[in-house]
Amino acid sequence: VYVLNRQISGLMESGYCEEAFAIYEKILPAGCKPDSYTYLHLIKGFCEGGELAEARKLFKKVLGGEEDHFCGLSKVILYNAMVHGLGSAGLVEEALDLVEEMRGRGFAPDMYTYNSILHSLGKVGKVTEALTIFESMADQGCSPDIVTYNSVISCLGKAGKAKEAFELFEGMRTEGCQPDQVTFNTLISILGKTGELDLALNLYEFMTRIGCEPDVYTYTSLVAGFCRANRIDEALVLSVEMTEKGCAPNTATFNSWLDGLCKGDKVVEAGLLFDKMLLLGYVPD
RNA sequence: GUGUUUUAUU
């Protein structure tokens with residue numbers, strides 16, 4: 001099963017749902033038995049591939065009946081994967097129903113469950129609902145962790161509540177939760193959208209100083225922010241700094257650069273950069 | 001030995 005599971009997982013990663021499922025169908029004939037990993041990879045892959053119906057079908061097959069194949073942890077992981085898949089597809093109500101179902105069967109939601117739900121609420125703009133759950137989760141035995149804070153900060157930022165996002169940034173520190181690279185990247189991105197670019201630069205320096213290395217997310221947020229504000233020269237300075245520090249750009253970074261060049265009426269240069277991007281083997285999206 | 005959650009561009 002291990003080998004076949006790895007194949008399923010690999011095919012799913014590359015978006016080959018059908019092919020992955022074909023491997024699954026070969027498990028029994030091969031004299032093996034699908035295990036919880038098999039179903040996790042299949043359910044997760046189908047969800048990511050937008051094949052929710054297939055994911056639901058498998059989920060029901062393996063957890064819908066009376067039979068009990070897997071240990072509690074495996075079942076919680078499968079529930080969490082399905083909750084996340086539904087939530088990411090914008091089906092928050094269905095995801096919440098599934099959380100109720102797991103509760104009813106005696107499986108307490110864990111950090112993954114809460115964090116997935118919070119993320120999907122943020123994604124559909126249900127900030128109030130997210131905050132309610134955020135504030136009550138500690139009573140349910142799940143104190144917010146770094147992922148929770150980062151997710152809710154991002155959710156507030158997307159809702160245009162930059163002030164509240166920074167209040168939560170303070171809040172997490174008073175609760176003894178150390179901000180990490182993702183926290184800073186999230187905040188820098190928010191500041192890039194509100195146009196508070198000098199504050200963004202302050203945070204960029206600060207994160208470095210306390211040992212959080214800026215990465216491609218940091219630089220792409222900064223470059224995009226400066227381009228948005230038509231401060232192309234500063235975007236360029238940051239781009240040079242990025243490469244000097246050995247941080248490789250990716251397609252999103254190229255998109256920001258192209259955007260900045262076009263905004264700066266340097267369409268010819270944008271064309272040249274695009275050619276260079278292709279030459280370097282980057283795939284435009 | 002394969003395990004589910006958070007951040008960037010348009």
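Within every chain, numbering begins at 1; the chains are lettered A, B, ... in the order of the sequence lines, protein sequences first and strands thereafter.
Annotation: proximity of residues 3-10 of chain A to RNA chain B (heavy atom, distance under 4.0 Å) is found for A:Asn5, A:Arg6, numbered in ascending order. Contacts of residues 171-188 of chain A with RNA chain B (heavy atom under 4.0 Å): A:Val182, A:Asn185, A:Thr186. If you check residues 224-240 of chain A against RNA chain B, the residues with a heavy atom closer than 4.0 Å are A:Ala224, A:Arg228, listed by number.
Looking at A:Lys123, its side chain never comes within 3.5 Å of a backbone N or O of A:Gly87 through a donor-acceptor pair.
Residues passing the side chain to side chain donor-acceptor pair (under 3.5 Å) test with A:Asp139, sequence neighbours excluded: none. In terms of the salt bridge (charged side-chain N to carboxylate O under 4.0 Å, His left out) criterion, residue partners of A:Glu93 (sequence neighbours excluded) are, by chain and number, A:Lys126. Under the salt bridge (charged side-chain N to carboxylate O under 4.0 Å, His left out) criterion, A:Lys75 pairs with A:Asp68, sequence neighbours left out. With sequence neighbours excluded, no residue forms a side chain to side chain donor-acceptor pair (under 3.5 Å) with A:Gln178. Shown here are the salt bridge (charged side-chain N to carboxylate O under 4.0 Å, His left out) partners of A:Asp198, two or more places apart in sequence or in another chain: A:Arg231. Here A:Ala235 pairs with A:Val223, A:Phe226, A:Cys227 under the side-chain contact (heavy atoms from CB on, under 4.5 Å) rule; sequence neighbours left out. A search for side chain to side chain donor-acceptor pair (under 3.5 Å) contacts involving A:Ser36 returns A:Ser74, not counting sequence neighbours.
For residues 199-210 of chain A, the pairs satisfying side-chain hydrogen bond (donor to acceptor under 3.5 Å, both in side chains) are A:Tyr204-A:Tyr219, A:Tyr204-A:Glu241, with sequence neighbours left out.
Within 4.0 Å of A:Ser36, counting heavy atoms only, lies at least one base atom of the nucleic acid. In this structure, A:Thr218 reaches neither bases nor backbone, as no heavy-atom distance under 4.0 Å exists between it and the strands shown. Residue A:Lys75 is out of contact with every strand shown, counting any heavy-atom pair closer than 4.0 Å. Residue A:Ser256 is classed as a sugar-phosphate contact, given heavy-atom separations below 4.0 Å to backbone atoms only. Counting any heavy atom pair closer than 4.0 Å across all strands shown, A:Lys123 reaches no nucleic acid atom. Heavy atoms of A:Ala252 sit under 4.0 angstrom from at least one base atom.
Side-chain contact between A:Gln140 and A:Arg103 is present, with heavy atoms from C-beta onward closer than 4.5 Å. Counting heavy atoms from C-beta outward, A:Tyr79 and A:Glu101 have side chains that approach closer than 4.5 Å.
Put simply, chain A comes within 4.0 Å of RNA chain B, heavy atom to any atom, from B:rG1 to B:rU10, going 5' to 3'.
In this structure, A:Phe134 has its ring center at least 6.0 angstrom away from the ring center of A:Tyr114.
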Evaluation steps, side-chain contact (heavy atoms from CB on, under 4.5 Å), between A:Arg56 and A:Glu94 = CA-CA 11 Å; A:Arg56 282 194 200 94; A:Glu94 193 179 340; 2.7 Å; yes

